[in-house]
Undergrad: 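Let me give you the structure first, and then I'll get to my questions.
Quantities reported herein were computed from a predicted structural model and do not represent experimental measurements. The sequence lines fix the lettering, A, B, ..., with proteins before strands; numbering per chain opens at 1.
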Protein chains: 2
Amino acid sequence: MGFVFFAFYRYLFIDKTRPKWMPASERIGNLRKEGGMLMASGNISRLTLQRLPTYLSYLRNLPEDSPPNISAAAIAAGLGLGEVQVRKDIASVSNVGKPKTGYPVSALIQDLEHFLGYGVCNRAVLVGVGNLGLALLSYSGFAEYGLHIIAAFDVNHALIGSRINQKPVLPVEQLSSFCRESGVQLGILTVPACAAQSCCNALAQGGVRAVWSFAPVHLQAPPGVLVQRENMASSLALLSYHLKTQSGSLKESETNSLAAEKKIGGKSNG
Amino acid sequence: MGFVFFAFYRYLFIDKTRPKWMPASERIGNLRKEGGMLMASGNISRLTLQRLPTYLSYLRNLPEDSPPNISAAAIAAGLGLGEVQVRKDIASVSNVGKPKTGYPVSALIQDLEHFLGYGVCNRAVLVGVGNLGLALLSYSGFAEYGLHIIAAFDVNHALIGSRINQKPVLPVEQLSSFCRESGVQLGILTVPACAAQSCCNALAQGGVRAVWSFAPVHLQAPPGVLVQRENMASSLALLSYHLKTQSGSLKESETNSLAAEKKIGGKSNG
DNA sequence: TCGTTTTTGTGAATGTTTTCACAAACTTTT
DNA sequence: AAAAGTTTGTGAAAACATTCACAAAAACGA
């Protein structure tokens, strides 16, 4: 599954006077030591951040009998990415790589999980128990990403009071207060487009600071609240355009959001 | 909903000798006349292509009583994008814009639909009738994007033979032959990760040229077959990172895949 | 111990996308 | 009819991301 999204930006803080080769203990990728803990040095590009969970997933799903170390080249080959890109991405969250040896898999997994915040439990609510809401509620894999849906909300009285995958369905009127009282940090919006903005407002009012919206509309949110719109239409556009333009069977390798190619050609095959 | 993805690339064919101001009849945005029809001149960037459905959706959902014309500035404000970006994006698929007037909404909608291929009927099959598969099968809004799911496939004998939202569920063994016989162009993969590659192979063997995969694995596909991976983990990564880093309530405007900001800051608030 | 080999990490170069600045064109007003 | 005021469209500049080329480090072997 792929996503797209954002955060606010600030200017890169690059020290251009820094010598090319500092001792490794001082310049550790994009990381720096701070109170004994490795911290990201403040800037990760959106595209890198989007690739990180893919690395994590790849590493987690490596066969049991794989060697304890893995090279950037192996990861790159497995995911269809550039070798240097993998190294740069990893360097921005970890410093466990060792020349000649590669990366110790378990340590790298830990660093990725730590950086992505998958270790912490993010409490979430889901709003809109329709088809998609039901599917997401029933999916138990979110825990792998540190995401825990603790309740669902809907307007449908037939659903209110029931439990889906052990999560209670509550009336949408209680959305704000529930979020505030339970310290919910993230809201998942699977409501119809027309209801999305008001639900988003309710979430924001309840102190929720991140909204994952599946509604096909642009939402306004107060400062401090991040709205991530999952845009299936964009995916379909790419597929549809491919079908429209590459009607003959042109050569084409696998492509996805992670790959490096950039242009979507119109007619030539070379 | 947001997406990410790809196509193969070719080199930009920019005529740097072209004078700055050609007559409008010859240089029409990124378009050119070809047999009387406007054709995209071969190059649309992936990011532009991903934004196009958002414009389309925004225009379609404009209130009934809106004026017949709209300006790039209005669209930009409504979607939280840059004004010039909107103009450039639109220029790559349409030439209905007029100075001082803006864009006639209905004509622009038509151009977007035509470019995105939403007019044509893309026949699709869905493989894997689990939670997510069920949700997508039940969703009737895909027709809006020119997508028509005509059948579903699964291994579960309890499901085979039934109908979901009027679509028959067939045994996965028939996947290849069904696709070939019915001229299916697109396959939607909502199977578990372990089954994804084999289903993808079956689709490719059946002549399917575009695969929309929700499985969290990298798929290999033969040349000519485009694999678009919908990556929910990437979306969650961005949200999770936001929660982790902006723990205090820092100023933050809405952000999504379409917005213009680029860097995801780590600590400063400006 | 020292050289060889492999692999990481990164500065610089290259390529892509967005933003800026402004010419052209259309509409309206005088 | 001409001038004024908007709004489009785009070349050039800036910002951003990827790839290249190579220095440094670790492992291994002689």
Undergrad: Roughly, in whole Å, what's the span from CD1 in I44(B) to P in dT18(C)?
TA: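 Taking CD1 of I44(B) and P of dT18(C), I get 12 Å after rounding.
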
Undergrad: Is there a donor-acceptor contact under 3.5 Å linking the side chains of D89(A) and Q85(A)?
TA: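 On atom types as modelled, these side chains do not qualify, holding no pair under 3.5 Å.
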
Undergrad: From the options dT19(C), dT19(D), dT18(D), select the nucleotide whose nearest atom is closest to the side chain of Q85(B).
TA: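 For Q85(B), the side-chain atoms sit closest to dT19(C).
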
Undergrad: Where the side chain of R87(B) meets the backbone of A73(B), is there a donor-acceptor pair that is under 3.5 Å apart?
TA: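 Here the side-chain-to-backbone pair does not exist.
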
Undergrad: Rounding to an integer number of Å, can you tell me how far L49(A) CG sits from dA17(D) C1'?
TA: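 Checked: the CG to C1' distance equals 15 Å.
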
Undergrad: Roughly how many Å is it from CD1 in I75(A) to C1' in dG9(C), rounded to a whole number?
TA: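 Taking CD1 of I75(A) and C1' of dG9(C), I get 14 Å after rounding.
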
Undergrad: Once you round it to whole Å, what is the distance between P of dT19(D) and NZ of K88(A)?
TA: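 Answer to the nearest Å: 10 Å.
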
Undergrad: Tabulated below should be each protein N or O lying under 3.5 Å from an N or O of nucleotides 4-7 of chain D; please produce it.
TA:
unit_1: dT6(D); atom_1: O4'; unit_2: K100(B); atom_2: NZ; d: 3.2
unit_1: dT7(D); atom_1: O4'; unit_2: K100(B); atom_2: N; d: 2.9

Undergrad: Output yes when E83(A) and K88(A) qualify as a salt bridge under the 4.0 Å nitrogen-oxygen rule, no when they do not.
TA: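 So E83(A) does not pair with K88(A) through a salt bridge.
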
Undergrad: Between S240(A) (side chain only) and L116(B) (backbone N and O only), is there a donor and an acceptor less than 3.5 Å apart?
TA: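 Side chain of S240(A) to backbone of L116(B), a donor-acceptor pair under 3.5 Å: yes, one is there.
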
Undergrad: What is the distance, rounded to the nearest whole Å, between atom CG of L81(B) and atom P of dT19(C)?
TA: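 In whole Å, dT19(C) P and L81(B) CG are 9 Å from each other.
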
Undergrad: Looking at dT18(D), I'd like to know if its phosphate oxygens (OP1 or OP2) sit under 4.0 Å from a side-chain N or O belonging to R51(A).
TA: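 It does, given that an N or O in the side chain of R51(A) lies less than 4.0 Å from OP1 or OP2 of dT18(D).
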
Undergrad: Can you tell me the distance, in whole Å, between the CG atom of L47(A) and the C1' atom of dG15(C)?
TA: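 So the CG-C1' distance, L47(A) to dG15(C), works out to 14 Å.
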
Undergrad: Testing I75(A), T48(A), D111(A), L112(A) for side chain to side chain contact (heavy atoms under 4.5 Å, CB included) with I90(A), which one passes?
TA: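 Only one option passes, and that is I75(A).
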
Undergrad: Think K244(B) forms a cation-pi with F115(A), using NZ or CZ under 6.0 Å from the six-ring centre and within 45 degrees of its axis?
TA: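 Judged by the rule, K244(B) and F115(A) form a cation-pi pair.
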
